[in-house]
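Note sheet for the following structure.
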There are 2 protein chains.
Amino acid sequence: MTNDAMKIPQATAKRLPLYYRFLLNLHSSGKQRVSSAELSEAVKVDSATIRRDFSYFGALGKKGYGYNVNYLLTFFRKTLDQDELTKVALIGVGNLGTAFLNYNFSKNNNTKIEIAFDVDPNKVNTKIGDVAVYHMDDLDKVVVEEGIQVAILTVPSAVAQPITDRLVQANIKGILNFTPARLNVPPSIRIHHIDLAVELQSLIYFLKHYPTDTETTESVE
Amino acid sequence: MTNDAMKIPQATAKRLPLYYRFLLNLHSSGKQRVSSAELSEAVKVDSATIRRDFSYFGALGKKGYGYNVNYLLTFFRKTLDQDELTKVALIGVGNLGTAFLNYNFSKNNNTKIEIAFDVDPNKVNTKIGDVAVYHMDDLDKVVVEEGIQVAILTVPSAVAQPITDRLVQANIKGILNFTPARLNVPPSIRIHHIDLAVELQSLIYFLKHYPTDTETTESVE
DNA sequence: ATGTATTTGTGAACATAGAAACAAAGTTCA
DNA sequence: TGAACTTTGTTTCTATGTTCACAAATACAT
């Protein structure tokens with residue numbers, strides 16, 4: 001296991017892909033250098049936070065100058081991609097799953113959805129956005145054979161746990177869970193939950209209970 | 001603006017919808033009482049954290065007994081729903097947007113997607129999962145007329161900012177942004193970003209750099 | 001060359017979140 | 001009733017994350 005970046009704060013790690021994407025944008029628009037202030041404007045993260053984030057990797061910038069876009073880009077490419085490609089499978093080719101398959105991941109990074117699984121006979125043995133769809137029955141076998149390490153779970157919540165159990169058996173390392181179910185997995189497996197209903201509800205809760213700037217100050221438009 | 005829950009930590013606020021959903025599950029399975037330990041098992045949140053979260057709202061439980069499911073449920077319904085319904089519009093009826101329209105939000109809570117917008121003539125003037133699709137040209141007018149307060153943004157990133165500007169003009173209060181774009185909005189508007197590519201990339205980063213329990217300790221099964 | 005402008009990298013202060021641990025209160029059962 | 005058990009609510013501690021503020025280093029203009 002690579003130890004060089006072991007103690008980088010999780011909050012920082014979550015921002016890295018974001019920085020990377022905006023650096024790509026800057027690069028393709030021909031920009032040679034960028035300051036933490038400019039980057040801050042683009043990604044909406046405090047400039048001090050950006051400098052702090054970058055500093056975990058050493059001194060990447062130059063005082064009085066800023067950061068060299070190409071250098072940063074190369075550096076983060078190495079850091080994020082970590083040489084080898086991670087194989088991802090998508091489980092459940094419904095609307096949400098299809099959205100993922102059409103999303104062009106590999107364009108900006110080395111992440112690539114290798115295979116998809118579903119039970120629908122109309123989808124099995126077709127290709128959606130360049131990705132072959134297998135039958136769910138073959139999940140265990142194919143995941144092992146292909147050495148899939150990450151699964152995106154976009155299945156009905158009723159089957160989320162049983163399918164997760166099979167993924168665990170098939171030696172998966174991480175799951176991106178879009179179902180509302182809270183999955184039981186051994187502690188060696190990492191799960192990120194993205195719960196669409198919760199996201200919407202909590203946004204609404206914030207709107208109602210946490211007045212934003214202009215509402216707190218006396219003037220109300 | 002309701003001030004009673006003003007200083008509840010954001011982390012707590014984000015967990016409320018989750019608690020609410022699991023309480024609904026418990027209720028429909030006939031359970032009368034529940035302890036923080038049981039709830040912890042179900043939602044995968046430390047029981048002390050759950051008790052702490054609940055305590056912000058006062059003493060909702062009984063020592064030696066736990067929490068009354070019905071009472072909690074009623075309490076959270078009031079807290080989350082805040083009486084009046086929040087009107088939500090979905091902008092962009094692609095795969096991701098369609099996933100939202102078919103997702104049965106109103107089943108578990110009062111959140112309801114009222115209208116959708118798209119530019120595709122095949123979709124305009126149809127209904128998808130019970131929600132009418134309008135043409136994007138009518139966005140400004142309809143949003144104002146209907147008093148829409150929240151928008152779910154599932155459009156191509158190229159048009160994200162211009163559409164956001166129109167939403168701001170139309171007096172929207174909050175945006176759930178699924179595009180990779182970081183939107184410019186006045187500070188009075190709250191935006192939650194959900195960036196699918198970033199989620200996937202950061203999961204992979206964590207897998208590679210943050211060994212989980214069983215990998216750190218010597219035994220590996 | 002010299003002086004002024006920038007802009008980084010980081011020490012220190014502050015803010016937020018999570019978890020352990022336990023007294024106090026209530027429950028349960030004989 | 002009273003003793004043993006349960007479980008909350010909160011105090012305290014620790015960890016994590018963010019921001020300020022500024023010295024040090026470099027760039028740039030004249």
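We name chains A, B, ... by the order of the sequence lines, and we start the count at 1 in each one.
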Using whole Å, report how far [atom1] of [X] lies from [atom2] of [N].
X	N	atom1	atom2	answer
I50(B)	dT8(D)	CD1	P	9 Å
D53(B)	dT8(D)	CG	P	13 Å
Q10(A)	dG17(D)	CD	P	6 Å
N68(B)	dG26(C)	CG	P	16 Å
Y56(B)	dA17(C)	OH	P	8 Å
R15(A)	dT19(D)	CZ	C1'	12 Å
K14(B)	dT16(C)	NZ	C1'	13 Å
F57(A)	dG9(C)	CZ	P	13 Å

Q: Tell whether R52(A) reaches the base of dT19(D) with its side chain through a donor-acceptor pair below 3.5 angstrom.
A: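 Such a pair exists between side chain and base.
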
So, is [X] near the phosphate of [N], with a side-chain N or O under 4.0 Å from OP1 or OP2?
X	N	answer
R33(A)	dC28(D)	yes
R51(A)	dG11(C)	no
S35(A)	dT7(C)	no
S36(A)	dT7(C)	no
Y67(A)	dG9(C)	yes

Between [options], which nucleotide gets closest to the side-chain atoms of [X]?
X	options	answer
D46(B)	dT8(C), dA17(C), dA20(C)	dA20(C)
A48(A)	dA19(C), dT18(D), dT19(D)	dT19(D)
K62(B)	dA21(C), dT27(C), dA27(D)	dT27(C)
P9(A)	dA24(C), dT8(C), dG17(D)	dG17(D)

Q: Let me know, please, whether Y65(A) or A11(A) comes out on the 5' side of the other along DNA chain D by nearest nucleotide.
A: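 Nearest nucleotide further toward 5': that of A11(A).
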
**Q.** More than 12 heavy atoms from other groups under 6.0 Å of CD on Q10(B)
**A.**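 Counting other residues, nucleotides and ligands, CD of Q10(B) exceeds 12 neighbours.
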
(Q) Tell me whether K87(B) at atom NZ has more than 12 heavy atoms from other residues, nucleotides or ligands lying less than 6.0 Å away. (A)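 Correct, the count exceeds 12.
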
Q: May I ask you to check whether T86(A) and K173(A) show a side-chain donor-acceptor distance below 3.5 Å?
A: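 The criterion, which ignores hydrogens and geometry beyond distance, is not satisfied for K173(A) and T86(A).
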
Q. Does one side chain, of R77(A) or Y20(A), offer a donor that lies under 3.5 Å from an acceptor on the other?
A.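 R77(A) vs Y20(A): donor-acceptor pair found between side chains.
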
Q. Among pairs that include at least one residue of residues 166-190 of chain A, which meet ring pair (Phe, Tyr, Trp, His ring centres under 6.0 Å), considering only residues two or more places apart or in two chains?
A.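 Qualifying pairs: F100(A)-F178(A).
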
Q) For dA5(C), does the O4'-C1'-N9-C4 (purine) or O4'-C1'-N1-C2 (pyrimidine) torsion place it in syn, i.e. within 90° of 0, or in anti? A)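 For dA5(C), whose glycosidic angle is within 90° of 0, the conformation is syn.
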
Q: Under a 3.5 Å limit for both distances, which nucleotide forms a Watson-Crick or G-U wobble pair with dA5(C), could you say?
A: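 No nucleotide pairs with dA5(C).
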
(Q) Can you tell me the base-pairing partner of dC13(D)? Count Watson-Crick or G-U wobble geometry only, both distances below 3.5 Å, and say none if there is no partner. (A)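 When the pairing criteria are applied, dG18(C) turns out to be the nucleotide that pairs with dC13(D).
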
Q) Under a 4.0 Å N-O cut-off, is there an ion pair linking R21(B) with D195(A)? A)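 Between D195(A) and R21(B) there is a salt bridge, with a charged N closer than 4.0 Å to a carboxylate O.
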
